[in-house]
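Report on one structure; see the data block that follows.
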Amino acid sequence: MEVVLVEEGPYRFRIEQRDQMRVPGVVFASQALVPQVAGDRALEQVANVATLPGIVRASFAMPDVHWGYGFPIGGVAATDIAEGGVISPGGVGFDISCGVRLLAAGVERAELGHDRLQRLMDILDVTIPRGMGRGGLWKLSGSEEMDELLVGGARYAVEHGHGVPRDLERCEDYGVLDGALPGQVSRRAVQRGIDQVGSLGSGNHFLEVQAVDRIDDPDTAAVFGLRADQVCVMIHCGSRGLGHQVCTDHVHAMDEALHRYRISVPDRQLACTPVDSPPGRDYLGAMAAAANYGRANRQLLSEAARRAFVTAAGVGLDLVYDISHNMAKLETHEIDGVSRHLCVHRKGATRALPPGDTGLPPDLARAGQPVLIPGTMGTASYVMVGLPGNDAFHSACHGAGRVWSRHHALRMVRGEQLRGELEARGIAVRPSSWRGLAEEAPRAYKDVDEVAAATEGAGLARIVARLVPLGVVKG
DNA sequence: ATGTAC
């Protein structure tokens with residue numbers, strides 16, 4: 001299916017509704033990003049998503065959109081539960097609750113200095129588990145303890161000494177997604193996850209030591225606990241093998257159940273069933289469990305970073321925020337003046353609640369929800385904030401967005417050379433493999449500055465601060 | 001993203 005973009009406003013393009021589409025597509029992008037967006041098969045996926053039963057308003061694409069499994073990464077789609085709206089595992093992604101956590105250190109960049117930064121990076125290098133397989137920081141005793149973690153998320157980790165209660169106030173949903181059904185997480189998924197709690201994984205996952213390079217919105221930055229030149233830690237990771245297995249299991253189940261609900265989809269990877277159906281409820285319960293695993297995972301990694309900072313610099317780390325960018329959530333939104341109960345899929349997209357939203361903790365309520373945008377290695381990252389008037393169900397982008405395939409990046413970049421280039425720019429690099437480093441070269445991604453500018457231009461969120469890397473621990 | 005393939 002050929003897809004044509006029609007400009008319908010600044011930073012906003014439309015894919016006209018046609019054929020089996022039930023709603024139009026809406027793509028948020030700057031003129032500079034359009035060629036990259038339009039040259040990607042992702043737009044065809046945006047149109048495919050628009051055919052799903054019960055979809056309302058539009059099939060949305062964020063400025064970092066790129067091709068994914070069934071749904072594009074950087075896609076947002078909401079379905080009306082009472083109207084037979086569906087849930088699709090492909091609309092969440094294989095890395096359930098992949099997300100970002102930002103912590104702020106009690107030290108400025110200049111105070112930390114070169115030698116202590118190197119010492120810090122060396123400690124992180126040997127204490128942060130990462131790479132394919134391998135172990136994690138927390139060995140669970142067995143499936144009973146795993147079930148408790150799947151229900152309790154980051155709260156369960158904190159209750160067991162891995163963090164402080166204040167951390168939970170700065171986690172989306174206070175660190176726990178309700179509705180987890182550990183019984184819907186297969187034995188195989190549990191086996192894959194049991195020794196991976198507190199591990200980065202690989203691919204674009206990382207732990208970076210960063211500095212606040214620029215403050216664009218001083219009032220909001222102050223509420224978030226950020227100031228110029230402050231040292232920070234950004235952690236980007238997900239639910240490891242457990243989330244992957246949950247997705248695999250439930251894609252299979254839905255693929256087999258599809259015909260019973262008389263659903264036809266243009267791409268088998270869009271396998272789905274009604275939210276209000278046994279397979280739909282089973283998946284949502286398993287997804288919530290995997291989401292809680294991902295949140296506990298980031299909590300454990302935060303504790304390792306805190307120990308490294310105390311040892312190398314004698315300072316603590318305060319949690320700024322923890323946000324997921326691969327999730328589906330049951331939310332209430334107004335559609336054509338009527339309040340509707342929706343299932344909102346965000347895949348490679350975050351929630352971005354506006355100021356005053358009841359979903360925010362009291363100390364963030366007047367500012368709005370922090371939106372964390374990780375860049376790629378050697379580039380900037382952004383802290384943004386949710387705004388009123390975001391008609392993409394209060395959603396924003398999640399990162400730079402890949403433009404080169406991993407395969408192409410491997411042909412173009414050598415890991416050893418890339419490390420040299422980054423070190424020459426003063427960025428300490430602690431890779432887990434040369435291949436992984438090459439695959440994640442900055443050139444393989446869109447320009448995160450452009451993505452953040454487009455996200456702001458489109459009115460999805462506002463830029464609060466820009467962060468730059470001092471050192472990267474690569475998954 | 002992922003015991004980088006069922």
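Computed from a prediction, not measured in an experiment: that's the story for all the values here. Convention: sequence-line order gives letters A, B, ...; per-chain numbering from 1.
- Contact annotation for A:Q196: backbone-only contact, meaning every heavy-atom pair under 4.0 Å involves sugar-phosphate atoms and none involves a base.
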Atom pairs and distances, side-chain donor-acceptor, residues 140-147 of chain A, under 3.5 Å, sequence neighbours left out:
from: A:S141; atom 1: OG; to: A:E145; atom 2: OE1; distance (Å): 2.9
from: A:E145; atom 1: OE1; to: A:S141; atom 2: N; distance (Å): 2.7
from: A:E145; atom 1: OE2; to: A:Y156; atom 2: OH; distance (Å): 3.4

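- Between the CZ atom of A:R406 and the P atom of B:dT4 there is a distance of 14 Å, given to the nearest Å.
- The side chain of A:R240 contributes an N or O atom lying less than 4.0 Å from OP1 or OP2 of B:dT2.
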Show the atom names and distances, to 0.1 Å, of all donor-acceptor pairs under 3.5 Å that link a side chain in residues 64-73 of chain A to residues at least two apart or in another chain.
from: A:D64; atom 1: OD2; to: A:H398; atom 2: N; distance (Å): 2.9
from: A:D64; atom 1: OD2; to: A:H398; atom 2: ND1; distance (Å): 2.5
from: A:D64; atom 1: OD2; to: A:G399; atom 2: N; distance (Å): 3.1

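- By the 4.5 Å heavy-atom criterion applied to side chains, A:H325 and A:V100 are counted as neighbours.
- Residue contacts shown for A:G241 are limited to sugar-phosphate atoms, with no base heavy atom under 4.0 Å away.
- Distance CD (A:Q245) to P (B:dC6): 11 Å, rounded to an integer number of Å.
- With rounding to whole Å, A:I73 atom CD1 is found 13 Å from B:dT2 atom P.
- Residue A:G201 is classed as a sugar-phosphate contact, given heavy-atom separations below 4.0 Å to backbone atoms only.
- Atom CG of A:D255 is separated from atom C1' of B:dC6 by 15 Å (rounded to the nearest Å).
- A:N326 places its CG atom 11 Å from the P atom of B:dT2, with the value rounded to the nearest Å.
- Comparing A:R435 and A:E440 by the nucleotide of DNA chain B that holds the closest heavy atom to each, the one mapping nearer the 5' end is A:E440.
- When the P atom of B:dT4 is taken as reference, atom NE2 of A:H205 falls 16 Å away, rounded to whole Å.
- Between A:R419 and A:E416 no salt bridge is recorded (no basic side-chain N to carboxylate O distance below 4.0 Å).
- Here A:S202 does not reach the OP1 or OP2 of B:dT4: none of its side-chain N or O atoms lies under 4.0 Å away.
- Atom CZ of A:R130 is separated from atom P of B:dT2 by 14 Å (rounded to the nearest Å).
- Residue A:R188 is classed as a base contact, given a heavy-atom separation below 4.0 Å to a base.
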